[in-house]
2 protein chains.
Amino acid sequence: MSRELDQTDWRIIAELQEDGRLSFKQLGTRVNLSPPAVAERVRRLEESGVIAGYRADIDPVAAGQPLSAFVQMRCATGRCLLKTTRADDFPEVVEIHKLSGSSCSMLRVRVTSMAHLEGLFERLGEHGEMNTHIVLATEYEGRAVQPPTEEARTVTRSAGWSA
Amino acid sequence: MSRELDQTDWRIIAELQEDGRLSFKQLGTRVNLSPPAVAERVRRLEESGVIAGYRADIDPVAAGQPLSAFVQMRCATGRCLLKTTRADDFPEVVEIHKLSGSSCSMLRVRVTSMAHLEGLFERLGEHGEMNTHIVLATEYEGRAVQPPTEEARTVTRSAGWSA
DNA sequence: CTTGAAAGGACTTGCGC
DNA sequence: GCGCAAGTCCTTTCAAG
């Protein structure tokens, strides 16, 4: 389906992650390509699903939701959050990941206040054991997707027990 | 600094999170406003920092980084990841959050393969205890920031021990 | 892939409500 | 604060080399 991405594709991806509203002309200038050439590449990246869309980046703090937390759920049998509720029931839950290990899922929640967070935890707690971690500060998130480094291919194998 | 956001602002925010490349004309049609009116509102949202930017939404799976994990770090004294390394040392780390509780930070990492993940864990492990959770599937993430619900203001107080 | 041209659309400004 | 309308600029998209 998706052909290998070359260096120019990755430069385009990097630029569009920094500014998703660049015109083909502006984008072409930054990657040393003519407007029609970048337009064709971008079209292919969109078609292959590498570029899933273009979004405004909303700052939750400025938007009035300064508090964030991680919640590991270990759902009780028959009460699993994923099977007994819908997304609309918990607008505060902005991410849901199914996990390996002892927890069944990891949630990321955003709330307006501590009181709001308290209420949310009580509602979530009805579905099983929780392990919560309040975020004190976010160093960064949404870091740009980058081309695989050389380390990704030449992985250092651990010594011992090797065949 | 930031005036209260009204309903129209939230509609604009919702539309731009769905499609960050909408023209003022298109955006105005969707929120029942003229192009100059939306342009002025968007300009203010950008100035106040609510709209932090516009980014292409890159699908990590399609981009060749199908594996993701959460890593809780409990850094050893003097070896804290945040103080002894720089972001460029770990391009696989796409999020860093400082946490309350027993862990000092929560990382989100993205890698190309299990071998890559193994190597990364070994490098991270040198900075302290780790608690890792591999993501099996992501239900959703990057859910749109939404206006505060009524529940956010009228929070149910728990019974008992109340003053 | 690049260049060049033509067509279409977007952004802005000013004015009136 | 919003809408309407006009002018200017830019962008996009063809075609040809």
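Note that the structure is predicted; figures quoted are calculated from it, not measured. We name chains A, B, ... by the order of the sequence lines, and we start the count at 1 in each one.
Salt bridge status for A:E92 with A:R110: absent, with no side-chain N to carboxylate O gap under 4.0 Å. The pair A:R43-A:E40 meets the salt-bridge criterion, with a side-chain N (NZ, NE, NH1 or NH2) lying under 4.0 Å from an Asp/Glu carboxylate O. Using a 4.0 Å cut-off between a side-chain N of Lys or Arg and a carboxylate O of Asp or Glu, A:R41 and A:D6 qualify as a salt bridge.
Interatomic distance, CE of B:M106 versus CD1 of B:I96, reported as 12.5 Å (0.5 Å rounding). The distance from the CG atom of A:L16 to the CZ atom of B:R21 is 6.5 Å, given to the nearest 0.5 Å.
B:S23 comes within contact range of the sugar-phosphate backbone alone, with a heavy-atom separation under 4.0 Å but no base atom that close. As judged by a 4.0 angstrom heavy-atom cut-off over every strand, B:N32 is placed among residues touching the sugar-phosphate backbone only. In this structure, A:R41 reaches the sugar-phosphate backbone alone: every heavy-atom distance under 4.0 Å involves primed, P, OP1 or OP2 atoms, never a base.
Taking the side chain of B:P36 as heavy atoms from C-beta on, and the options C:dT3, D:dC4, C:dC1, the nearest nucleotide is D:dC4.
Computed from coordinates, the B:L22 CG to C:dC11 C1' distance equals 15 Å when rounded to whole Å. One interatomic measurement links the two molecules: CZ of A:F24 to C1' of D:dT12, which rounds to 8 Å at whole-angstrom precision. When rounded to the nearest whole Å, the span between CG of A:L33 and P of D:dT12 equals 14 Å. Going from atom CG of B:L27 over to atom C1' of D:dC2 covers 15 Å, rounded to whole Å. Going from atom CD of B:Q26 over to atom C1' of C:dG8 covers 14 Å, rounded to whole Å. Residue A:R43 contributes atom CZ, which lies 13 Å from atom C1' of D:dT13 at whole-angstrom precision. As a whole-Å value, the separation of B:R21 CZ from D:dT11 P is 12 Å. Between A:K25 atom NZ and C:dT2 atom P the separation is 15 Å, expressed in whole Å.
Nearest-nucleotide positions on DNA chain C for B:P35 and A:S34 put A:S34 closer to the 5' end.
The overall bend of the helix from C:dC1-D:dG17 to C:dC17-D:dG1, read as the angle between its terminal helix axes built from five base pairs each, is 30° when rounded to 10 degrees.
Tested against A:M73 for a side chain to side chain contact (heavy atoms under 4.5 Å, CB included), the candidates A:L99, A:N131, A:L107, A:T132 yield a single pass: A:L107.
The shortest distance between the side-chain N/O atoms of B:R44 and the OP1/OP2 oxygens of D:dG1 is below 4.0 Å.
Residues B:P91 and A:Q146 come closest through the heavy atom pair CB-OE1, 3.3 Å.
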